[in-house]
2 protein chains.
Amino acid sequence: MVSIKDVARSAGVSPQTVSNYLNNPGIVKASTRSLVAAAIDELGYTPNASARRLRTQRSNTIAIGIAPVSYSRVYDRFLHAIATEADAHNLRIILYKTDSKSDEIRQFESLTAGGDVDSFVLADTVHNDPRIPWLIEHKQAFVLFGRPWGESNMNDPTVPWVDVDGYAGIALMTQKLILTGHKRIGFIGWPGTSGTGDDRKAGWRDTLLAAKMASEQQLDALCVDALDDIAAGHAACLTLLERQPDLDAIVCVSDTLAAGAVMSLTASPTHNITVTGFDNTVSSQSFGFPTIDQPLTACAQEIVRIIQQQLDGAASHAQCSAVPAQTSAPVTHDASFHGAATVSPHSATTAAKSDSRHVLLTPALIWR
Amino acid sequence: MVSIKDVARSAGVSPQTVSNYLNNPGIVKASTRSLVAAAIDELGYTPNASARRLRTQRSNTIAIGIAPVSYSRVYDRFLHAIATEADAHNLRIILYKTDSKSDEIRQFESLTAGGDVDSFVLADTVHNDPRIPWLIEHKQAFVLFGRPWGESNMNDPTVPWVDVDGYAGIALMTQKLILTGHKRIGFIGWPGTSGTGDDRKAGWRDTLLAAKMASEQQLDALCVDALDDIAAGHAACLTLLERQPDLDAIVCVSDTLAAGAVMSLTASPTHNITVTGFDNTVSSQSFGFPTIDQPLTACAQEIVRIIQQQLDGAASHAQCSAVPAQTSAPVTHDASFHGAATVSPHSATTAAKSDSRHVLLTPALIWR
DNA sequence: CTGTTAGCGCATTCAA
DNA sequence: TTGAATGCGCTAACAG
């Protein structure tokens, strides 16, 4: 292994000059600089990451979990986006397994203990997520990919999050359907009360109500719940059609359900019904139904930006523990917020300029 | 941050004793041991990973890539399996992005340079994979998940690999179809010459020939190629049926293609045709077609076992660079090998006992 | 069995 | 601008 000393000897300078060259090139004379550069190049020197981390007490590493079965169909794309963004910022990514929320907390313990994680990226956030209080209590930096659905955390600047605005995405899709002449628009959603699922469903509901395409009473008959698999989508579509034979469009909460719905319609081609999905998976491309594309690259950029802020903050001042209560846009479930969603960045380009700790990104409509 | 010194002071012993307690508890007197244990517990001490790595010159870290679009539908499951196995062995996982083979080699450079990767896990192996010579040349340890399809590497003990025996899996499936009375069995495969695709197809072909269910000449008419998406599977199925109206079963190289085939058959329910897939994805579960389940956990175990061997070997003797040319079973494409496949482990349990550097695991048939 | 000494590779004081 | 010391936290040799 070639160290900073070898470079120094080869360049005829002291080790510290080499260190300066690496960390603060400005203070090194230009001629010396090229001397050092040549030596580094010749010996193929690279700084030892462990030594640097030991010395600086910073790992420049972010940790992210992988569940036994990905909670989202696009998780691999998200991982790639995060890895790309981290790469650009000279951050490393540690991947750890999460079999459950409590298992994940156990992972926190071992990872934070060794001191080689600076910040965690948490996916699959749930109501009253137990991971959040743990991390706060142990003063561990983190960023959520997904909103903390518990009310109290949503606006808390000490709980940073980046999420895709499923409400806006589904609303866009529903509007598009209305504007292309669809009169009777149903919805296939997820059962239970997942924050994500409810949010998307609300986008459909509010759009129909606003356009006076359905009354509050009619809404219930226009939607049905199904587990996230093709067979369930198939069945849900049949149920919906039986109940509402005059349907001319079905908005689905996911591509998987949409694929099932499309299949059930292909079998009985008497109907002419538009089906739409969510996630822009290969199913949507194959079947050719419209869908919604999550801006995963932008999400990754925002997440890494926030992490970078955390790192910089920790480096500059230790007394900065009380984060200046950044008055971010209020985030709630009601339509008033979503009407005012223009406060948060709407595209990757505008988002990059934000320095908020709560970022809601609007996904793109893919019309086929 | 609490260090080994604090523990030593609190326990009333020297720092070295604490270190011994951690790394070699056997040589510490029992009474001292409990003293140290108490101090560690009280102070909540955990060793600093960077310091340890700097001192021992070993990172206990394995690196694995993530592509923009996963080359396999089960890659997230594989990542979880690897993460779980690494966790059990106290190894960390670094995730890096790979946009192409050459991009991946660039990642190798930066990761190896910092000295915080001990071994790489390489997926998506291709014919004459450029990554392999690079790693060998730079003396970087690695394990392939997938065979090195270039002939020369396949038996080379310095190129360790773990793979799933797609040939055996498809052969099992085809045999099962024959034994359940199917007489005319087609195949939908991938175009081009991917090692994996060819291997699976050979399993179907050889089984039909061995059972004299088709002649060499007939085989061409019984199979068709399709890109790995649902629409292509749909189309391929129609093509096949037009050519061979008496088909009673179709073996597909993937669940995705199988889903497409099933759909095209649902549309015209005159046929009674069994369709089978590969990968045990949610599609297979939803549609209820038989499939083949990759033993990903076992793969991860074997991969980590080999990595552990590499680490142990490097620790014990530096002169061990010339690996004892372990005469592993010859691995080729012809049927003779596959007939003798019992040499390689056939299940997770038997595999665990192996110490070979070339492991071929037989997947499980899921009959529905 | 335990303590002392030394140094892994680097970056941050300071002095020159 | 550059060089000489110091120590981050830990472990591998030894000595006691």
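So you know, we letter chains A, B, ... as the sequences are listed, proteins then strands, and number each from 1.
The pair B:Lys101-B:Asp103 does not count as a salt bridge, with every side-chain nitrogen at least 4.0 angstrom from each carboxylate oxygen.
Note on B:Gln57: only backbone sugar-phosphate atoms sit closer than 4.0 angstrom, heavy atoms only; bases stay farther off.
Here B:Ser14 reaches the OP1 or OP2 of C:dG3: one of its side-chain N or O atoms lies under 4.0 Å away.
Here chain B contacts DNA chain D (any atom closer than 4.0 Å to a heavy atom, that is under 4.0 Å), and the contacts span D:dG9 to D:dA13 from 5' to 3'.
Near DNA chain C, meaning a heavy atom under 4.0 Å from it, residues 23-52 of chain A has A:Asn23, A:Tyr45, A:Pro47, A:Asn48, A:Ala51, A:Arg52 in order of number.
The distance between atom CZ of B:Arg53 and atom C1' of C:dC10, rounded to the nearest whole Å, is 15 Å. In this structure, the CZ atom of A:Arg58 is 13 Å from the C1' atom of C:dA11, given to the nearest Å. Rounded to whole Å, atom P of C:dG3 lies 14 Å from atom CZ of B:Arg9. Following rounding to the nearest Å, A:Lys5 (NZ) and C:dC10 (P) show an atom-to-atom distance of 10 Å.
Under the 3.5 Å distance criterion, the side-chain polar atoms of B:Asp116 are left unmatched by any main-chain donor or acceptor of B:Ser59. Side-chain atoms of A:His358 come within 3.5 Å of backbone N or O of A:Asp156 as a donor-acceptor pair. In this structure, A:Thr17 contributes its side chain and A:Val13 its backbone to no donor-acceptor pair below 3.5 Å.
Applying the 6.0 Å contact sphere to NZ of A:Lys5 captures no more than 12 heavy atoms from other residues, nucleotides or ligands.
Where B:Val13 and B:Thr56 meet DNA chain C, the nucleotide closest to each residue was compared, and B:Val13 sits on the side nearer the 5' end. A residue-by-residue look at A:Pro15 and B:Leu54 shows that B:Leu54 has its nearest nucleotide of DNA chain C further toward the 5' end.
Ring geometry for A:Tyr75 versus A:Tyr71: interplanar angle over 60°, hence perpendicular rather than tilted (30 to 60°).
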